[in-house]
Amino acid sequence: MSVPRKIMTIFGTRPGAIKMAPIITAMRSMPDQFEPVVVVTAQHRQLLDQVLNFFAIEPDFDLNTMQPRDSLSERTSKMLHHLDNVINAAQPDMILVVGDASTTLAAGLAAFYHKIPVGHVEAGLRTYDKYAPFPEEMNRHLTDVLSDLYFAPTTLSRDNLIAENHSVDNVFITGNTSIDALKYTVRADYHHPTLDAIPANHRILLMTMQRRENLGTPMKRVFHAIRDVVETNPDVELIYPVHPNPDVMAIADDLLGGRERIHLVEPLDLLDFHNFAARSYLILTDSGGIQEEAPALDKPVLVLRTKTERPEGVTAGTVRLVGTFPEEIQRAAFELLHDSKEYKKMAHAPNPFGDGNAATRILKVIKDYFNNEQ
Ligand code: UDP
């Protein structure tokens, strides 16, 4: 019998944890084939821990060295230094990285220095604009240069990788593991005091906004626009889990705090967020992951950005890019609140991001990789 392969997963942010958790959970159920080693860099300490707790994942190595005001260079170099020690100690057979965080790039580079094969989960997303989103676009390009196996969520991400001369034999369309995660969280009998306090005939707009490039003026414009939408539609309630970045909290308090039918809440646990999303009417966000999850829950999304690395949602008709100027945001929100045909068209467009079985496909590819190697 062959020995289980030691697969080290390295991640550090909330979306990284959400997308890696279904793979770790699946590996745990196959102990004869895989020995998962979990490393977290804790790039986002509090938000990361919420997801780890939900999936009952205890990291084998927790680097916990990040300071909120670290520059990108400090962050990446600290991670690289610590990952060196972790890789030396654990000697994995393969390293899995996910998405486009600074952790992803640092882990890919550390693996390369140790000549350990790298699998990139959620490979091939691109805007082809070096600084948008920053630094994520360059993180994912560079990680793909360092990788050996590419787990592309969609046909488009596969095509991007092939156009960049990555070998077609190493690129696999798997769907996105974020859709797998919904199977663990969304429940019909879910309750929460914030939701219970909202009248049943009111419609919930769920908003998240936190991206670096939206801080300051764009964020203020958006909050003004949304406030007007809530004020002019008496059956609409806004729920906004405010990111713990102090700059975001200050703007949110100033423009949205203490207003009727506007609920500013702490960042929600994954279980809560997914169930809030399932209960909402419409989602407004500058997040990447939520653009994938919402269509799986049949919710239209207005994306508060001018570019997306997930154009599949735009093509499929599940998301619309509305930017950060009030006119377009309000026009789109008004249409979806008052034109039920348009709403249904968007809500029921097919989800291009996967069927919830991405983790199984990824592990099959990894098994084949090692079998072919023997
Ligand atoms: N999310 C969450 N609680 C919240 C807001 C978002 O658990 O209050 C989840 C959401 O379901 C999605 C992920 O966090 O899976 C998105 O994270 P984020 O917006 O930080 O990053 P991005 O997706 O833009 O990389």
Side-chain angles (χ1 to χ4, degrees), residues 11-22 42-55 97-105 121-122 125-127 132-137 139-140 143 153 176-186 190 192 194-195 204-215 219 238-245 248-249 252 263-280 283-297 299 301-305 307-310 313 319 321 351 353-354 356 358:
F11 52 95
T13 62
R14 172 174 64 188
I18 293 168
K19 289 169 185 177
M20 208 60 108
Q43 206 181 312
H44 299 160
R45 178 82 264 171
Q46 183 198 349
L47 300 182
L48 172 77
D49 288 345
Q50 285 178 359
V51 181
L52 294 176
N53 291 338
F54 177 75
F55 283 97
V97 299
V98 55
D100 50 22
S102 304
T103 301
T104 316
L105 171 59
V121 176
E122 201 187 50
L125 276 63
R126 299 286 185 264
T127 60
F134 173 80
E136 289 86 354
E137 175 69 6
N139 287 343
R140 51 197 174 216
T143 303
N176 201 306
T177 51
S178 60
I179 310 300
D180 298 26
L182 292 168
K183 290 198 288 202
Y184 296 88
T185 50
V186 177
Y190 174 83
H192 187 282
T194 303
L195 294 180
I204 295 170
L205 307 191
L206 182 62
M207 176 167 81
T208 80
M209 196 176 195
Q210 68 202 43
R211 294 206 80 83
R212 212 176 268 265
E213 60 269 29
N214 274 339
L215 287 179
M219 187 167 276
L238 176 75
I239 303 182
Y240 174 26
V242 185
H243 194 273
N245 175 333
V248 178
M249 290 199 290
H263 312 266
L264 299 184
V265 298
E266 302 259 312
L268 293 167
D269 285 4
L270 187 65
L271 173 79
D272 295 321
F273 188 80
H274 282 177
N275 283 285
F276 273 50
R279 204 66 70 76
S280 67
I283 297 177
L284 300 112
T285 189
D286 62 358
S287 150
I290 297 170
Q291 294 173 52
E292 295 153 0
E293 295 165 348
L297 300 168
K299 305 299 169 187
V301 186
L302 299 182
V303 181
L304 304 163
R305 290 160 65 173
K307 284 216 168 83
T308 178
E309 57 286 284
R310 294 165 173 87
V319 311
L321 289 185
N351 174 18
F353 297 108

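All of these numbers come straight from a predicted model, not from anything done at the bench. Ligands are counted one by one from 1 in listed order, and the atoms in each one are counted from 1 as well.
- A donor-acceptor contact shorter than 3.5 Å is absent between the side chain of R14 and the backbone of L47.
- In terms of N/O distances under 3.5 Å, ligand 1 is not approached by I18.
- With D180 contributing its side chain and A358 its backbone, the two residues share a donor-acceptor pair below 3.5 Å.
- For ligand 1, none of its N or O atoms has an N or O atom of D286 under 3.5 Å away.
- Closest to atom 23 (O) of ligand 1, if we only count protein heavy atoms, is G289 N, 2.6 Å.
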Inset, instruction - Tell me, with the steps shown, if E293 and S178 meet side chain to side chain donor-acceptor pair (under 3.5 Å). - result: CA-CA 7 Å; E293 295 165 348; S178 60; 5.0 Å; no

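- Proximity of E293 to ligand 1, defined as any heavy-atom pair under 4.0 Å, is confined to the side chain (atoms from C-beta onward).
- Between the side chain of E292 and the main chain of N176, no donor-acceptor pair closer than 3.5 Å is present.
- Scanning the protein for heavy atoms near atom 25 (O) of ligand 1, the closest one is P15 CG, 3.5 Å.
- Listed by number with element, the atoms of ligand 1 under 4.0 angstrom from any heavy atom of R211 are 24 (O).
- In terms of polar-atom proximity, Q210 is counted as a contact of ligand 1, with an N or O under 3.5 Å from an N or O of the ligand.
- The single protein non-hydrogen atom nearest to atom 8 (O) of ligand 1 is L268 N, 2.9 Å, given as residue, atom name and distance.
- Sequence neighbours left out, not one pair with a member in residues 265-278 passes salt bridge (Lys or Arg N to Asp or Glu O under 4.0 Å).
- Ion pair E136/R212 not flagged as a salt bridge, since none of the NZ, NE, NH1 or NH2 atoms sits closer than 4.0 Å to an Asp/Glu carboxylate oxygen.
- Using a 4.0 angstrom heavy-atom cutoff, Q50 does not count as in contact with ligand 1.
- Atoms of ligand 1 lying under 4.0 Å from any heavy atom of P241, numbered from 1 in the order shown and given with element: 8 (O).
- Considering OG1 of T185 and CG of L270, their distance stands at 5.5 Å, rounded to 0.5 Å.
- Ligand 1 has an N or O atom lying under 3.5 Å from an N or O atom of G288, backbone or side chain.
- Contacts between S287 and ligand 1 below 4.0 angstrom, taking non-hydrogen atoms only, involve backbone and side chain alike.
- Between the side chain of T177 and the backbone N or O of P22 there is no donor-acceptor pair closer than 3.5 Å.
- In terms of protein heavy-atom proximity, atom 2 (C) of ligand 1 is nearest to R14 NH1, 3.4 Å.
- Using a 4.0 Å cut-off between charged side-chain N and carboxylate O, K307 and E137 make no salt bridge.
- Using a 4.0 Å cut-off to heavy atoms of H274, the atoms of ligand 1 that qualify are 11 (O).
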